Structures are given as C-alpha cells and as structure tokens.
Participant: 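Before I ask anything, let me first share the structure, which is written out below as structure tokens.
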Number of protein chains: 2
Amino acid sequence: MVSKTCEYAIRAMLFVAQKSKNDSKVGVKQIAKAIDSPEPFIAKILQDLGKKGLVLSSKGPTGGFYLDKAGLKKSLADIVNAIDGDKLFTGCGLGLKSCSAKMPCPVHEEFVVVRKHIKVMLQNAKLGDYNTALELGEKYLKR
Amino acid sequence: MVSKTCEYAIRAMLFVAQKSKNDSKVGVKQIAKAIDSPEPFIAKILQDLGKKGLVLSSKGPTGGFYLDKAGLKKSLADIVNAIDGDKLFTGCGLGLKSCSAKMPCPVHEEFVVVRKHIKVMLQNAKLGDYNTALELGEKYLKR
DNA sequence: GTAATAAAAGAGTTTTTACTCCTCTACTTA
DNA sequence: TAAGTAGAGGAGTAAAAACTCTTTTATTAC
C-alpha cells in the first residue's frame with residue numbers, strides 16, 4: 001500500500017505528535033525505540049520530512065524533533081504524499097501511464113472509487129488525533 | 001498497491017482471457033506485445049501462474065497459454081494472492097506485525113474498512129468479465 | 001570559550017525486486 | 001521421424017528500495 005519508509009515516517013510522526021503536546025522535543029534515539037525502527041534510517045526520514053516542512057527540529061542539548069499547532073493538524077495523507085508521492089492517490093491500479101476516464105484500464109472505475117476512499121481516510125487522519133489513545137496505551141506504534 | 005510483477009500478471013491474464021473465448025491459445029510473444037511488457041519477464045510470471053493452476057498452457061506449434069471455463073471465473077484477487085500473497089488484504093497499514101483489534105495501530109479500524117473494500121472489488125472482478133470491452137477497444141491493457 | 005549533545009549532510013552497503021539470457025524439454029505437424 | 005515451435009527451468013544481471021557509517025554543523029550548558 002505505502003512503502004516501508006512511509007510506514008516508519010507515519011509511526012514516527014505520530015510519536016512526535018504525542019510528545020509535542022506539552023511543547024517538549026524528542027530525539028531520534030527515543031523515536032527509534034518507540035516505533036522499533038533502525039535509528040539512522042528514521043533519522044534520514046525525519047531529516048527529509050523536516051526539509052519538506054512537515055516536522056520541526058532543533059540541534060544541541062535539549063534539542064530534537066517536535067510539531068507546532070499547525071503541524072499537529074497535518075494529515076497522514078500529507079506524510080504519504082511527501083514520502084511516496086501521489087502514486088497511491090492518482091496512479092493506475094494496473095500500472096498504465098495513460099490510464100484515465102478517456103482511456104481506461106479494465107478496472108479504472110473501480111480503482112477511482114477505492115483510491116478516493118483511501119485518500120479521504122488518510123486526509124481525515126490528523127497527526128494530533130491519536131495522542132490520547134496512544135497515551136492510554138489503547139493504540140500501538142510498534143510490534 | 002500491488003507489485004509491478006502483479007500488475008503485469010493481471011494485464012496478461014486479462015489478455016489471455018480475452019483470447020481464450022474461442023478456445024484459442026496465445027503465445028508469450030503476442031502477450032508481451034499486447035500488454036507492453038518485457039517478453040522473458042512475462043514468460044516467467046505466466047510460468048509461475050501456471051504452476052499455481054491459474055493458467056493453462058501447451059507446448060509446441062499452435063501451443064500457448066489459455067484459460068478454460070473455470071479459469072475465466074477466477075478473480076483478480078486470486079492473481080494478487082498468487083503473486084503478492086495476502087499482505088494487501090490482511091497486513092497492517094503501518095507495517096506492524098501484531099496489529100489486530102486487540103492491539104491495534106492508530107489507523108487499524110480505518111484500514112480494515114479500506115482493505116475490505118479493495119478485497120471485495122478484486123474478488124468481484126473476474127478474468128472473463130472484460131472480454132467484450134477489450135474487444136470493442138473500450139478498455140486498454142497498455143500505455 | 002570549550003565541552004558535550006543532537007541533528008544535518010553526504011557517501012556508502014545490503015537486500016529485494018525487476019528483468020535477462022541460455023539451455024533443455026515437450027509437443028505438433030508435415 | 002525430423003524440423004520447428006513454444007513453454008520450462010536455472011542461473012545471472014540491473015535497478016530500486018532499505019538501511020548504515022562517518023563527518024560536519026549548530027546549539028546549549030558550564
């Protein structure tokens with residue numbers, strides 16, 4: 001569905017969101033532990049997300065990654081778009097480059113509906129929406 | 001969504017289905033041309049699908065790949081399952097191994113619905129369903 | 001101002017997926 | 001039964017995705 005990189009990215013961002021509630025920052029090491037990912041790999045991914053303006057960071061002691069109010073309102077769709085591009089939302093289900101209503105692949109119509117479904121779902125899922133459930137241990141970011 | 005191999009597989013099978021209508025067979029060369037895929041690669045894929053009982057073949061002159069009545073009733077879900085496994089239908093959207101209702105990832109519930117949607121759609125799409133549209137040139141398998 | 005800390009940056013390496021090549025075997029038809 | 005066609009099988013290459021390592025730069029605390 002999405003790349004492994006993107007899965008890590010979403011999990012990391014949800015963790016950063018949770019930890020950003022009380023204006024605190026969180027380091028790569030802690031993030032890697034929380035989501036059970038290779039530390040240098042998630043560092044790269046967060047670096048990339050930082051460049052694209054989806055996460056904030058500061059260097060030095062007490063530094064780390066964090067989200068502001070606006071950041072907490074970003075959706076999972078924004079993350080997917082930043083990492084995997086819009087292939088999931090607009091690409092052809094059978095891999096055709098020119099697939100469209102005018103020149104459809106056999107399952108074009110069906111895929112349009114499915115993709116729309118996925119897109120809406122990811123757009124409605126905001127980074128800040130899961131903080132409480134995560135804190136309560138009702139939802140998990142690893143295993 | 002599905003692997004590139006799987007995209008080729010589906011397109012090839014839809015083409016074979018179309019050509020199987022009047023009990024004729026179709027060679028790898030013709031299939032590769034029709035779906036715009038590397039010939040040796042689609043040969044491998046079809047070989048694999050043959051082993052798994054999803055397509056029939058015969059060697060020698062006038063030989064090739066074909067589908068019988070039962071084969072034409074197989075669904076795209078069967079192809080996806082044979083090539084990519086059931087990850088698309090049952091895997092966690094965020095890549096967690098133990099994600100389930102008891103121990104859900106943050107988007108577990110939403111993904112259950114989306115995956116069900118995809119599964120139903122692919123199960124309802126039978127290989128034989130597109131023959132007429134393909135013949136009429138209303139749907140495409142390449143470009 | 002210096003030492004410690006943490007992210008940024010760039011250049012690898014490994015693994016997986018996509019794709020190719022060559023030889024072998026089975027089958028059909030003349 | 002020989003010739004030619006077409007898939008089967010195995011091993012190998014290329015490209016992309018996943019992941020690592022090392023150095024640099026910025027920040028903070030003392």
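Being a predicted model, the structure only gives us computed values, none of them experimental. Each chain gets a letter, A, B and so on, in the order the sequences are listed, and its residues count up from 1.
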Participant: Once you round it to whole Å, what is the distance between C1' of C/dA18 and CG of B/Asp36?
Facilitator: 15 Å

Participant: Tabulate protein N/O versus nucleotide N/O from nucleotides 24-30 of chain C, keeping only pairs under 3.5 Å, one per line.
Facilitator:
| from | atom 1 | to | atom 2 | distance (Å) |
| --- | --- | --- | --- | --- |
| C/dT25 | O2 | B/Lys59 | NZ | 3.2 |
| C/dA26 | O4' | B/Lys59 | NZ | 3.1 |

Participant: Taking only residues two or more places apart in sequence, or in another chain, which ones meet B/Lys52 in a side-chain hydrogen bond (donor to acceptor under 3.5 Å, both in side chains)?
Facilitator: B/Asp48

Participant: Report all side-chain donor-acceptor pairs from residues 25-32 of chain B shorter than 3.5 Å, counting only partners two or more places apart or in another chain.
Facilitator:
| from | atom 1 | to | atom 2 | distance (Å) |
| --- | --- | --- | --- | --- |
| B/Lys25 | NZ | B/Ser58 | OG | 3.3 |

Participant: Output the rest of the hydrophobic cluster of B/Val113: all Ile, Leu, Val, Met, Phe, Trp and Tyr residues reachable through side-chain heavy-atom contacts under 4.5 Å, sorted by chain and number.
Facilitator: none

Participant: Contact class for B/Gly64 vs. all strands (heavy atom < 4.0 Å): base, sugar-phosphate, or nothing?
Facilitator: sugar-phosphate

Participant: To which residues is B/Met103 joined in a hydrophobic cluster, defined by side-chain heavy-atom contacts under 4.5 Å among Ile, Leu, Val, Met, Phe, Trp and Tyr, whether direct or through other members?
Facilitator: A/Tyr140

Participant: In this structure, how many angstroms lie between the P atom of C/dA7 and the CG atom of A/Leu54, rounded?
Facilitator: 18 Å

Participant: Listed in order of residue number, which residues of residues 2-10 of chain A have a non-hydrogen atom at under 4.0 Å from DNA chain D?
Facilitator: A/Ser3, A/Lys4, A/Thr5, A/Tyr8

Participant: Quick test of your reading: applying ring-ring contact (aromatic ring centres under 6.0 Å, His included), list the pairs with at least one residue in residues 17-56 of chain A, sequence neighbours left out, ordered by first then second residue.
Facilitator: A/Tyr8-A/Phe41

Participant: Residues two or more places apart in sequence or in another chain: which of them pass side chain to side chain contact (heavy atoms under 4.5 Å, CB included) with B/Glu7?
Facilitator: B/Val2, B/Lys4

Participant: On DNA chain D, reading 5' to 3', which nucleotide is the first and which the last to sit with an atom under 4.0 Å from a heavy atom of chain A, could you check?
Facilitator: D/dA18 to D/dT28

Participant: Linking Ile, Leu, Val, Met, Phe, Trp and Tyr through side-chain heavy atoms less than 4.5 Å apart, which residues share a cluster with A/Leu136?
Facilitator: none

Participant: What is the distance, rounded to the nearest whole Å, between atom NZ of A/Lys51 and atom P of C/dA8?
Facilitator: 9 Å

Participant: Contacts to DNA chain C from residues 37-48 of chain A, heavy-atom cutoff under 4.0 Å, which residues?
Facilitator: A/Lys44, A/Gln47

Participant: Only pairs at least two apart or in different chains count here, so list each ring-ring contact (aromatic ring centres under 6.0 Å, His included) that has a residue in residues 46-104 of chain A.
Facilitator: none

